[in-house]
*Asks:* 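There's a structure below that I have some questions on.
Letters A, B, ... are given to chains in the order of the sequence lines, protein chains preceding strands, and every chain is numbered from 1.
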Amino acid sequence: MMVANDLVEISLRDGDVEVNLRRPTATAGEAVTARPASPNPTGEAGAVASSAEAPAADEQEVDHVEIKSPMVGTFYASPDPDSPQFVQVGSSVNPNTVVCIVEAMKVFNEIKAELSGTVQKILVKNEQPIEYGQPLFLVRPE
Amino acid sequence: MMVANDLVEISLRDGDVEVNLRRPTATAGEAVTARPASPNPTGEAGAVASSAEAPAADEQEVDHVEIKSPMVGTFYASPDPDSPQFVQVGSSVNPNTVVCIVEAMKVFNEIKAELSGTVQKILVKNEQPIEYGQPLFLVRPE
Amino acid sequence: MFRRILIANRGEIALRILRACHELQIETVCVFSEEDRGAVYLNLADRTICIGGPFPRDSYLKSDRIIAAAEVTGADAIHPGYGFLAENAAFAEKCRACKIEFIGPGADAMRLLGDKASARALAKKTKIPTVPGSDGVFENDSEALRIAERTGFPLMIKATAGGGGRGMRIVHDKTDLLTAIKQAQQEAQGAFKSTDLYIEKYLERPRHVEVQIMADHDGTVVHLGERDCTLQRRYQKLVEESPSPAIDGRTRKDLCAAAVKLARAAKYTSAGTVEFLVNSKGKFYFMEVNTRIQVEHPVTEMTTGIDLIKMQIRIAAGESLDINQRSIRPRGHAIECRVNAEDPEAKFRPCAGRIEQFHPPGGFGVRVETYGHEGCRVSPRYDSLLAKVIVHQPTRPEAIRCMQRCLHEFTIEPIKTTLPFLHKVISHPNFVAGTVDTGFVERTF
Amino acid sequence: MFRRILIANRGEIALRILRACHELQIETVCVFSEEDRGAVYLNLADRTICIGGPFPRDSYLKSDRIIAAAEVTGADAIHPGYGFLAENAAFAEKCRACKIEFIGPGADAMRLLGDKASARALAKKTKIPTVPGSDGVFENDSEALRIAERTGFPLMIKATAGGGGRGMRIVHDKTDLLTAIKQAQQEAQGAFKSTDLYIEKYLERPRHVEVQIMADHDGTVVHLGERDCTLQRRYQKLVEESPSPAIDGRTRKDLCAAAVKLARAAKYTSAGTVEFLVNSKGKFYFMEVNTRIQVEHPVTEMTTGIDLIKMQIRIAAGESLDINQRSIRPRGHAIECRVNAEDPEAKFRPCAGRIEQFHPPGGFGVRVETYGHEGCRVSPRYDSLLAKVIVHQPTRPEAIRCMQRCLHEFTIEPIKTTLPFLHKVISHPNFVAGTVDTGFVERTF
């Protein structure tokens with residue numbers, strides 16, 4: 001599932017102009033950890049309480065698999081603002097299905113499902129900044 | 001058991017000359033905690049591991065009672081070097097029996113048993129420096 | 001030099017003295033109460049000795065037990081720290097009578113300067129300004145008028161038995177004086193069954209500025225600059241800093257010279273502090289002397305780079321000061337905050353218990369003096385001072401920023417502390433501007 | 001000034017930079033690897049972002065991910081700390097191409113000074129002494145003889161492919177030169193299949209002395225005194241101090257002037273260190289430049305009272321130095337010991353695991369830089385540096401005593417550390433006398 005890595009980062013180097021999306025500076029930082037409001041952050045409790053805290057296996061049924069981000073960047077659910085999303089809840093995917101784009105340093109990287117199954121949940125919002133290893137989709141494998 | 005306190009400290013203020021014992025500078029410090037030899041004293045383990053660690057209830061039978069020192073000073077088992085000890089193992093004591101002298105600031109304080117019973121064990125050596133609350137005798141009460 | 005020092009104190013100051021002794025290669029004996037048995041700072045002592053029960057009166061205040069402990073452990077000097085027996089001249093005398101050096105001033109100087117009336121008299125004699133007033137009770141209206149003229153307005157009428165503001169009047173003008181005296185008398189009679197009144201100049205919004213002095217047995221007396229301790233709550237210092245943001249170079253020079261003069265007049269030795277009130281015009285008045293090392297001494301250590309405890313021990317051992325006034329060059333700005341185990345949201349009720357999380361701040365220019373650590377027990381029996389955070393930076397604004405960072409960074413759980421309160425206080429525009437007075441905290445928070 | 005800085009590092013230096021940013025009121029983003037998830041120092045960052053797996057090559061060395069992290073979090077500058085990408089000129093260029101400032105020198109100066117050959121050439125050009133020798137391979141015996149005459153004896157014959165002492169000969173006299181060359185050639189041929197040799201002056205028992213410099217974009221270059229880092233083990237520094245106990249005032253002045261001259265010649269900006277070898281007669285030779293902040297920078301911070309990280313950030317933001325050479329007045333003596341999570345009784349094998357007990361030392365003149373705390377995990381994946389203990393005292397003997405006290409007081413359990421080893425090293429009569437050289441630790445312990 002994590003085989004998509006550095007090589008993916010150059011796959012769409014020419015797609016920059018075509019996709020033509022602005023960098024989402026306004027929403028920058030949403031995915032990353034907010035500082036505790038208290039002046040005394042408590043050691044254990046305050047640690048990295050981000051949406052990326054993820055592998056919350058307890059809450060998921062065992063037959064769900066996460067598609068995680070293999071890089072740091074900005075999440076795009078569709079190839080451009082006027083197009084439909086790559087996948088919706090209920091979409092069927094196979095290992096080669098592109099599920100989203102992660103933009104990093106102006107490079108638009110297609111992320112593939114790497115497995116066959118049905119999308120159960122989309123865990124991040126369009127244009128959201130995401131960190132390495134952050135779960136993006138829940139998929140029920142075939 | 002701990003009723004012997006400040007009042008005892010002046011009971012023999014005049015006895016200074018009569019008893020005529022030298023202060024035991026050579027043995028000073030025996031009763032108090034030695035510093036851990038390790039360059040890194042460990043927090044819990046190294047803490048005050050002195051002979052005064054005492055209240056070791058586990059090792060004592062429940063029918064033993066400790067006579068504890070009500071002050072800081074030097075322990076004397078007998079009234080002077082040529083006299084017999086106040087009490088021996090096996091001696092019977094009653095609440096008014098003097099069991100030892102504790103010298104503090106040149107004042108020789110008689111320590112009384114404060115209970116009736118039989119001396120089972122003498123826990124400190126003659127002329128040994130002792131701290132507050134340090135167990136001196138084990139007594140089996142009547 | 002001493003061979004073995006007994007430390008007659010507990011907590012952070014015991015730890016502070018232990019460290020100084022280690023560096024001087026002097027053996028240490030630390031006394032402890034049954035309440036403090038097992039405290040981790042005791043691990044740093046060569047020897048420890050239990051001297052009594054949890055209450056101070058049964059242990060840390062029991063002078064005979066402490067001297068006996070020094071005798072049986074072969075200690076040749078006692079360091080009293082602050083509080084407990086530190087300013088007890090009789091204890092100092094008793095130690096010395098037993099051939100154990102008391103690390104502090106001579107008993108005579110302690111008595112002379114420790115008593116407010118005799119200290120004030122000595123200050124007057126040596127031409128150091130004291131708060132003007134009636135030097136005791138006035139007898140009748142005409143005497144009051146005469147003293148009032150001499151003292152100047154505004155002034156205060158105070159009942160000798162007074163307290164909590166009762167029997168007290170501020171008088172701004174001569175025409176109000178007799179009326180105010182009548183009212184104060186009535187109030188004092190009702191509250192304290194006494195109509196004895198005295199007159200004292202009213203200092204508007206004074207600051208508390210004190211001078212650290214150090215004197216050896218050769219008669220050398222130096223000052224190490226001043227500390228501004230204006231931020232107080234119920235006469236308890238909260239924040240101390242050096243240099244004072246409220247006095248100019250001229251006032252500083254006069255203030256420090258006055259402190260040295262008083263110490264010389266009292267034939268003082270060891271570390272001491274001369275406290276002054278400074279009014280809004282920069283005029284200062286002698287208040288009192290503390291004949292001991294103070295809680296806030298690290299502020300001065302940070303600016304001068306001089307270890308006051310080591311120096312105090314060396315002086316007690318008969319060494320001459322190895323510094324002179326010219327070689328003392330304070331640098332930068334230092335601030336100390338006292339972190340107390342108190343709940344600022346519950347009237348500063350002391351908090352006790354086990355510390356589960358403890359992450360003190362650190363880094364450039366930061367020093368934390370504390371006996372605290374994870375797993376440490378905070379006792380309800382003793383002073384609530386848990387930690388002192390001291391910062392040292394090139395300038396006052398940087399020192400305030402650094403202190404804000406430190407108070408923010410300091411994590412203590414689950415015990416309530418004054419950390420958030422201190423953060424508010426030092427971030428207040430008036431503190432930042434350096435315009436607070438001794439009543440500021442109570443008026444503002 | 002920057003609005004938000006991304007910290008591209010971990011552990012104690014990440015914490016150090018976080019604290020500096022807080023005091024400058026700059027927001028912080030701290031990257032972390034999956035191995036460092038949950039580390040307590042990350043709590044002090046305004047934001048944190050995971051950039052990859054545990055191995056440095058998958059995270060802290062992944063320049064594209066770090067720049068992407070800066071972009072998505074809106075950071076306008078990156079502080080690289082030391083190690084990882086700190087001396088990577090290509091990374092610095094890439095950051096700046098993405099309109100993110102790299103907090104460090106310009107890429108050209110990094111390349112020029114980072115390469116040993118070009119740095120040596122620049123030093124020669126600016127008349128800074130370098131270790132004399134053949135400037136590369138010599139061709140034949142007569143060339144070797146000529147170079148040897150110029151270099152002077154004793155000198156070393158070294159194989160370019162050499163290592164572990166093979167293909168190396170110390171020659172004390174001209175008459176032994178040709179024999180030594182033959183032996184070295186044979187050895188080198190056997191070991192490395194190459195007979196290429198070069199000549200370098202043999203420095204007997206050299207000391208490692210380095211100069212801290214700081215330079216802004218206006219061309220102002222200052223030095224902040226030297227650090228003596230002679231105590232090393234396998235080229236890893238163990239103990240650093242300032243001032244150096246082995247150079248006199250004249251040598252110090254020349255050394256510092258040389259460092260400033262070299263930095264000027266390279267149009268250097270930001271913090272940097274120029275390293276020299278100093279022989280037993282006080283003659284110094286340029287060795288190399290470190291184009292970053294160094295592990296031992298707190299030593300200089302203690303003596304000068306200047307926060308080097310804050311200054312580095314201000315310079316990167318385009319500010320001019322607010323100090324000049326005359327205003328920098330080092331005071332007292334500072335020593336740093338590096339406490340590594342290594343077992344000195346098992347060939348300094350790195351130790352990892354959970355820290356159960358952690359009581360760092362404190363008190364007057366003591367600073368501890370560490371990410372450690374009770375409950376903290378020490379990872380086997382990264383550098384074993386666990387804590388830096390830095391002391392500052394009026395004199396060197398006092399600093400050594402204070403450091404002994406600190407190393408004794410520091411409790412770390414159950415992980416093995418170099419604490420007892422460091423205590424032995426700094427207590428050795430040769431260190432106390434200030435007569436050690438770079439080979440001392442390996443010869444003695």
*Asks:* Give the minimum heavy-atom separation between D:P361 and D:V368, together with the two atoms involved.
*Replies:*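 Taking every non-hydrogen atom into account, O-CG2, 3.6 Å.
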*Asks:* Check whether D:I400 gets within reach of chain C through its side chain, its backbone, both or neither, counting any heavy atom under 4.5 Å.
*Replies:*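 No part of D:I400 comes within 4.5 Å of chain C.
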*Asks:* Closest approach of C:V391 and C:A399, non-hydrogen atoms and distance?
*Replies:*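 Between these two residues, the closest heavy atoms are CG2-O, 3.5 Å.
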*Asks:* Which residues pass the ring pair (Phe, Tyr, Trp, His ring centres under 6.0 Å) test with C:F358, not counting sequence neighbours?
*Replies:*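 With neighbours one apart ignored, the set is C:F410.
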*Asks:* For chain C and chain D, give me every donor-acceptor pair shorter than 3.5 Å, distances to one decimal.
*Replies:*
unit_1	atom_1	unit_2	atom_2	d
C:R19	NE	D:G362	O	3.4
C:R19	NE	D:E409	OE1	3.3
C:R19	NE	D:E409	OE2	2.7
C:R19	NH2	D:E409	OE2	2.5
C:H22	O	D:R401	NH2	2.2
C:E23	O	D:R401	NE	3.2
C:E23	OE2	D:R405	NE	2.9
C:E23	OE2	D:R405	NH2	2.8
C:T303	O	D:R331	NH2	2.9
C:T304	O	D:R331	NH2	3.4
C:K310	NZ	D:Q393	OE1	3.2
C:R329	O	D:R331	NH1	2.8
C:R331	NH1	D:R329	O	2.8
C:R331	NH2	D:T303	O	2.9
C:R331	NH2	D:T304	O	3.4
C:G362	O	D:R19	NE	3.4
C:Q393	OE1	D:K310	NZ	3.2
C:R401	NE	D:E23	O	3.2
C:R401	NH2	D:H22	O	2.2
C:R405	NE	D:E23	OE2	2.9
C:R405	NH2	D:E23	OE2	2.8
C:E409	OE1	D:R19	NE	3.3
C:E409	OE2	D:R19	NE	2.7
C:E409	OE2	D:R19	NH2	2.5

*Asks:* Count the heavy-atom pairs under 4.5 Å between each of D:I306, D:I390, D:L308 and chain C, then report the option with the highest count.
*Replies:*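 It is D:I306.
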*Asks:* Would you give the length of the straight line joining atom CG of D:L321 to atom CD1 of D:I315, rounded to the nearest 0.5 angstrom?
*Replies:*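 Spacing of CG (D:L321) from CD1 (D:I315) equals 4.5 Å.
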*Asks:* When rounded to the nearest 0.5 angstrom, what is the spacing between CD1 in C:I7 and CD1 in C:I5?
*Replies:*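 Taking CD1 in C:I7 and CD1 in C:I5, the distance rounds to 7.5 Å.
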*Asks:* Any chance you could measure D:I426, atom CD1, to D:C337, atom SG, to the nearest 0.5 Å?
*Replies:*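 Output value for this atom pair is 5.0 Å.
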*Asks:* With sequence neighbours excluded, tell me which residues meet side chain to side chain contact (heavy atoms under 4.5 Å, CB included) with D:A317.
*Replies:*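 For D:A317 the side chain to side chain contact (heavy atoms under 4.5 Å, CB included) partners, ignoring immediate neighbours, are D:M1, D:F2.
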*Asks:* Given the options D:C402, D:C406, D:G332, which has more heavy-atom pairs under 4.5 Å with chain C than any of the others?
*Replies:*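 It is D:C402.
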